[in-house]
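Working notes, structure below.
Worth saying up front: this structure is predicted, and the values here are computed from it rather than measured.
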Amino acid sequence: MTVTETGTRDHASGPGGGPDPGQANRDGRASGLNVRIIPGGYLLAAFAAVVSALSLAGTAPGQASAAYLAAGVAVAILLVGSVIIHEAGHILVGRRYGAPARDITVGFFGSAQHGGADLPGPRAQWRTALAGPAVSLALAALAGGSAAGLAALGIDRLPMLILGYTALANAALGVLSLLPGTGPDGGRIVRALTWARTGNPAKADLVAARAGQVTGAALVAAGLILFAVPGYLAGLWLALIGLLAFGASRAQARRSVVTTALAGLEVCDILPPGAAEPDSQPAGQTVAAFLVAQGLGDTDHHGRAAAPAAVYPLHDFDGRPAGLLTLSQLAAVPAGRRDEVRLREVATPREHLVTTTPDELLTSLIGRMSGWPSLPAAVHTAGHALVLGPDGELAGVVTPADLARAAQLGALRQRSAWAR
């Protein structure tokens, strides 16, 4: 297992996470697991260390401050290690069913991938989804048994509490990830079981999303009752978890409808006419020169503003794709600096964009575009993807408008088919 510390994503992975098409190991085999800890992962470890140290000071008083700090760091290391082992369980089982090799990316909310690979059938899906929680619950039993053993031997209380905290964290991770809505594993298990029963993966997606909404609503109600009746402040945390679960499941239901509408379509099916020869701009051009060349800000002879493109691909000196530029990024450049600022300084760089190929399925592309951008400038190009040809040349740009139009047409075709 290789651990990599990083603040950005792998080259060409894009904000949606996951490898570009053709770059994953298709037979599901790999020599090891690559673990990447992004800044959110360090924030998670620091938060766990501080909270654990303060809790231990109150639970086992009489120790030196350095001892509590060291114990907190130990809990944080064990917590991050538990998240990595949880995700490794998903990956190792998924490889048995041909899932592509994935890096384990640890952020503040755990693993960014979390066993999200597409799998060939319901059995493979539920077994892969169940592997992570099973590993976490096994770790909880191991840590809890070890803590009980230390207590029976009369060893210092601090090591026992470290193992106890680790057992509690793994138990919480295992149980919460099994609930639809609060964790992705529970939703995938519900989806797999529904898929196996109905034979309809699209219906299974909706059932899993609805189950997550029910779970979220139940947690909100339980949390509010705990807070209102006995007065437990922890009830507010439970209600917050339920609210987040309900929102995430509702978004999942919407994504499921879009995914069903786009089923079977490839990227090349939605590229607009003329996309085979996109109008790429030199990345070294100044903003002022670009605006003049494109006629942006000017009006035609009828006094109406010229209609600009929504997004502009950029190329470097060698003609290779270098990034993507939107009108909102141009508008952020002060008028007084347009003569000195170059397009590559305000555009989203190539390495922070989602890239695709003309033959990739749209359902696969959307799955890779779902993550939060790793660069502030990339927020402007969220929902876009560069389409690359076989030699890495620019073949087009997929925009949110293209995806929305394709989803609407797909839904229209489905309703027409149902009406026959």
Side-chain angles (χ1 to χ4, degrees), residues 1-6 32-93 104-112 114-115 130-179 182-183 185 226 232-235 237-238 241:
M1 181 181 294
T2 303
V3 179
T4 303
E5 301 177 2
T6 179
L33 297 178
N34 293 321
V35 179
R36 302 169 59 241
I37 303 177
I38 60 177
Y42 293 107
L43 183 60
L44 170 65
F47 180 78
V50 171
V51 172
S52 299
L54 293 175
S55 300
L56 289 168
T59 307
Q63 303 281 347
S65 299
Y68 295 124
L69 180 59
V73 171
V75 171
I77 293 173
L78 290 172
L79 173 62
V80 173
S82 298
V83 171
I84 293 171
I85 296 173
H86 175 107
E87 183 62 20
H90 287 303
I91 293 176
L92 293 176
V93 174
I104 299 175
T105 304
V106 180
F108 186 77
F109 296 102
S111 173
H114 212 80
L130 187 60
V135 169
S136 293
L137 293 175
L139 289 175
L142 178 62
S146 300
L150 291 180
L153 294 174
I155 298 177
D156 185 75
R157 195 178 181 193
L158 206 54
M160 180 198 69
L161 289 174
I162 292 173
L163 292 173
Y165 282 22
T166 303
L168 182 62
N170 276 281
L173 178 60
V175 172
L176 288 177
S177 62
L178 282 174
L179 294 177
T182 61
D185 301 329
L226 286 174
Y232 290 135
L233 290 177
W237 285 106
L238 188 62
I241 292 174

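Among all heavy-atom pairs drawn from Pro61 and Gly58, the shortest one is CD-O, 4.0 Å. The two residues Val93 and Ala131 come nearest to each other via the heavy atoms CG2-CB, 3.5 Å. Of all heavy-atom pairs between Ala60 and Leu161, the closest is CB-CD1, 3.7 Å. Scanning both residues, Ile84 and Ile104, for their nearest heavy atoms gives O-CD1, 3.9 Å.
Once rounded to the nearest 0.5 Å, the distance linking OG of Ser146 with CG of Leu139 reads 10.5 Å. The line from CD1 of Ile37 to CG of Leu43 is 13.0 Å long, rounded to the nearest 0.5 Å.
With sequence neighbours excluded, no residue forms a side-chain contact (heavy atoms from CB on, under 4.5 Å) with Ala134. Checked against side-chain contact (heavy atoms from CB on, under 4.5 Å), Ala167 has the following partners two or more places apart in sequence or in another chain: Ala143. Under the side-chain hydrogen bond (donor to acceptor under 3.5 Å, both in side chains) criterion, Ser136 pairs with His86, not counting sequence neighbours. Contacts of Ile155 classified as side-chain contact (heavy atoms from CB on, under 4.5 Å), with partners at least two apart in sequence or in another chain: Leu150, Leu153. For the side-chain contact (heavy atoms from CB on, under 4.5 Å) test, residues two or more places apart in sequence or in another chain that qualify with Ala67 are Gln63, Leu158. Every residue two or more places apart in sequence or in another chain that forms a side-chain hydrogen bond (donor to acceptor under 3.5 Å, both in side chains) with Ser82 is listed here: Asn170.
Leu142 has its side chain out of reach of Leu163: every pair of non-hydrogen atoms, C-beta onward, lies at least 4.5 Å apart. Put simply, the side chain of Glu87 does not reach to within 4.5 Å of the side chain of Val106, judged on heavy atoms.
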Do any side-chain atoms of residues 44-56 form donor-acceptor pairs under 3.5 angstrom with protein atoms, and if so which ones, sequence neighbours left out?
{"unit_1": "Ser52", "atom_1": "OG", "unit_2": "Ala48", "atom_2": "O", "d": "2.7"}
{"unit_1": "Ser55", "atom_1": "OG", "unit_2": "Val51", "atom_2": "O", "d": "2.9"}

Sequence neighbours excluded and cut-off under 3.5 Å, please list the side-chain donor-acceptor pairs for residues 71-78, or say none.
none

